[in-house]
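Keep in mind it's a predicted model, so treat the numbers as computed, not measured. Indexing begins at 1, ligand by ligand and atom by atom, following the structure's order.
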Amino acid sequence: MSELGSPERPLRVAVVGSGPSGFYAAEYLFKQAGLTVEVDMFDRLPTPFGLVRGGVAPDHDKIKSVTKVYDKTAAREGFRFYGNVSLGEDLSIDDLRGHYHAVIMAVGAQTDRALGIPGEDLLGSHAATEFVGWYNGHPDYKHRQFDLSAERVVVVGVGNVAMDVARILAKTCAELVSTDIADYALDALDLSRVREIVMLGRRGAAQAAFTPAELKEFGELADADVIVTPDDAALDALSAAALKLKPDRDVEKNLTLLGEYAQRPPSGKNRRIILRFLTSPVEIVGTQKVEGVKIVRNVLSQKSDGSLAAQATDQTEIIPCELVFRSVGYKGVPLDGLPFDAKSGIIPNQDGRVTDTPGFYAVGWIKRGPSGVIGTNKPDSILTVESLLADFRAGILDRETDSRAALEGVLGERGTQFVTFSDWQRLDVLEQEAGAKLGRPRLKFTDVSKMLEALNTP
Ligand code: NAP
């Protein structure tokens, strides 16, 4: 039998998930001199790129251009994309085990973290991630309804997802029309009556999770003022001491920007984004639907490890509102046949090797949790692939597997219409052509059946 990893007997690797972490892992495999690999990348959607397509805000088109790097990986000889193939429905973990020497899980974090407070499930209380999926035209979220007749919206959390949600709510139609925002979302936002977006950070301004670029954008909105009180923008003694010990340029820039906003008199624009710190929601109030958010005032306290935590006082207040977006982080979901750590929402792993599951590896958010920007995934994926390569060199991955043709046979028998990368490129062109007719960068397909129909049309 030929040597594993030779042109006669390539190392066969499945990557489940086609977001950044999956593509960086695939690229690093192809970069190994003297190793011949076949990488089959699966996605449950017909479209690749995960959160770059379905999560990155539509007005952040520069960030989306990272897909050009992934296109180069997809053009590698040993690469195949199998879109519209769902793990758990079309293929099982055992199917993957039978067809590949190694499997890299790059499935991300597909749900949101809960607040765990009363009223969280009231009508009008939504996970921010659902709104993000909706305005980005993700097929799973296109039918979601958000009552944009609300005048005041509360966004819980001050991470970059919360910033995206607040900014999209605050932008005018004229600011959004040049983006690839879903057409139905553009129409709905055009009719929006939202006037005030209140963002709640449970700790202080110096602990906000947003980054300066996102905060700076707030100050440049065409028809929205950004409001923060001087008290909220000020640096408290505990945070000042922490920053002295461990300086952080992003925090310093955030504080400078917040200080500027606190000095800026409102200019009377139609909308306002209000940033509030040291406040936690304790209840979402309402009978049939959201009527307000009960918040408690917090103070900072120092934990034994030196970090600063929010500690509730007895001061409460109700912010009347009709819509709430909970933006306190994404969370991974368990997959049949693989271990799962329910507390942290990740596949337990050591340096990317899935615990007690030889031949299986994890990258990205399902490996380490939902943190970091797109670029963070590159070194993270490389580390995992290094573990995989060490196992390959140690002979651990060397066994007989079924071929690519056999895998396609299995999908065919199950009636799965898989979408190739060139199929996706056709969809991509169709989206751009449809957008061009309207003077927009693209008009996204938001329905899987419409995508398949378009591909089946000669
Ligand atoms: P995140 O950055 O982890 O922010 C979560 C926010 O929720 C934090 O402010 C956190 O406060 C708060 N929070 C958590 N539990 C809470 C609770 N029980 N009550 C009140 N507040 C609570 O998460 P994310 O915004 O979902 O973003 C996920 C990742 O994607 C991040 O790494 C982010 O930078 C990245 N991302 C980047 C961009 C971009 O580059 N433009 C855009 C979107 C997302 P504490 O800090 O106190 O825990």
- Task: Please confirm whether Y261 and F218 have ring centers closer than 6.0 angstrom.
- Result: no

- Taking W134 for the side chain and A185 for the main chain, is one N or O donor matched with an acceptor at less than 3.5 Å? no

- Message: Closer than 4.0 Å to some heavy atom of R203 - which atoms of ligand 1 meet that?
- Response: 45 (P), 46 (O), 47 (O)

- Between the side chains of Y70 and Y24, does any donor sit under 3.5 Å from an acceptor? yes

- Query: Which one holds for V56 and ligand 1: side chain close, backbone close, both close, or neither close, with close meaning a heavy atom under 4.0 Å?
  - Reply: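 Answer for V56: neither.
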
- Query: Tell me, which protein residue and heavy-atom name are nearest atom 8 (C) of ligand 1, and how many Å apart are they?
  - Reply: A209 CB, 4.0 Å

- Could you tell me how the ring of F23 sits relative to the ring of F79: parallel (under 30°), tilted (30 to 60°) or perpendicular (over 60°)? parallel

- Message: Taking 4.0 angstrom as the limit and counting only heavy atoms of V373, give me the atoms of ligand 1 inside it, by number and element.
- Response: 40 (O)

- Query: Counting only heavy atoms, which portion of W365 has something under 4.0 Å from ligand 1: side chain, backbone, both, or neither?
  - Reply: side chain

- Query: Taking only heavy atoms of R113, which atoms of ligand 1 are found under 4.0 Å from at least one of them?
  - Reply: 14 (C), 15 (N)

- Query: Under a 4.0 Å N-O cut-off, is there an ion pair linking R44 with D140?
  - Reply: yes

- Query: So, is V161 polar-close to ligand 1, with some N/O to N/O distance under 3.5 Å?
  - Reply: yes

- Carboxylate-amine/guanidinium proximity below 4.0 Å for D232 and R276: no

- Message: I'd like to know if atom 3 (O) of ligand 1 has any protein heavy atom within a distance of less than 4.0 Å.
- Response: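 Given the 4.0 Å limit, the answer for atom 3 (O) of ligand 1 is no, no protein heavy atom qualifies.
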
- Numbering the atoms of ligand 1 from 1, which are under 4.0 Å from a heavy atom of G159? 2 (O), 4 (O), 6 (C), 9 (O), 25 (O)

- Query: Quick one: salt bridge (charged side-chain N to carboxylate O under 4.0 Å, His left out) partners of R76, sequence neighbours excluded?
  - Reply: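 Only E27 meet the salt bridge (charged side-chain N to carboxylate O under 4.0 Å, His left out) criterion with R76.
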
- Atom indices of ligand 1 within 4.0 angstrom of P370 heavy atoms, with elements: 28 (C), 29 (C)

- Query: Could an N or O of ligand 1 be found under 3.5 Å from any N or O of L115, whether backbone or side chain?
  - Reply: no

- Task: Using the side-chain hydrogen bond (donor to acceptor under 3.5 Å, both in side chains) rule, collect all pairs that involve residues 184-197, keeping only residues at least two apart or in two chains.
- Result: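 Found R152-E196, E196-R272.
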
- Message: When you compare the side chains of R368 and N377, does any donor N or O come within less than 3.5 Å of an acceptor on the partner?
- Response: yes

- Between E291 and T287, is any side-chain donor less than 3.5 angstrom from a side-chain acceptor?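 Side chains of E291 and T287: pair found under 3.5 Å.
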
- Query: Just checking, any donor-acceptor pair under 3.5 angstrom between side chains of D40 and Y100?
  - Reply: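 Short answer, yes.
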
- Item | Enumerated ligand 1 atoms positioned under 4.0 Å from heavy atoms of E214 |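 This gives 39 (C), 41 (N) as the contact atoms.
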
- Would you say atom 10 (C) of ligand 1 has a protein heavy atom nearer than 4.0 Å? no

- Would G201 count as a contact of ligand 1 if the rule is a heavy atom under 4.0 Å away? no

- Task: Select one of side chain, backbone, both or neither to describe which atoms of N160 lie under 4.0 Å from any atom of ligand 1, heavy atoms only.
- Result: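 Looking at N160 and ligand 1, atoms from backbone and side chain both fall under 4.0 Å.
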
- Numbering as shown, the atoms of ligand 1 that approach D164 to under 4.0 Å (heavy-atom distance): 42 (C), 43 (C)

- Can K437 and E433 be counted as an ion pair, charged N to O under 4.0 angstrom?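 Salt bridge flag = no for E433 with K437.
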
- Looking only at protein heavy atoms, identify the closest one to atom 23 (O) of ligand 1 and say how far it is in Å. G329 CA, 4.1 Å

- Sub-4.0 Å atoms of ligand 1 with respect to non-hydrogen atoms of S371: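 Ligand 1 atoms under the 4.0 Å threshold to S371: 32 (O).
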
- Which protein heavy atom lies closest to atom 32 (O) of ligand 1, and at what distance to 0.1 Å? G372 N, 2.7 Å

- Charged N-O contact under 4.0 Å between D164 and R167: yes

- Item | Atom NZ of K269: over 12 foreign heavy atoms under 6.0 Å |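 Yes - once you tally the heavy atoms of other residues, nucleotides and ligands closer than 6.0 Å, there are more than 12.
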
- Task: Consider every N or O of V158 and every N or O of ligand 1, then say whether any pair is closer than 3.5 Å.
- Result: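 N/O-N/O distance under 3.5 Å: yes.
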
- Closest protein heavy atom to atom 21 (N) of ligand 1, given as residue, atom name and distance to 0.1 Å: V328 CG1, 3.6 Å

- Counting both backbone and side chain atoms, is some N or O of S280 under 3.5 Å from an N or O of ligand 1? no

- Message: Can you check which of R326, K331, R202 brings a heavy atom nearest to atom 45 (P) of ligand 1?
- Response: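 Closest candidate by heavy-atom distance is R202.
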
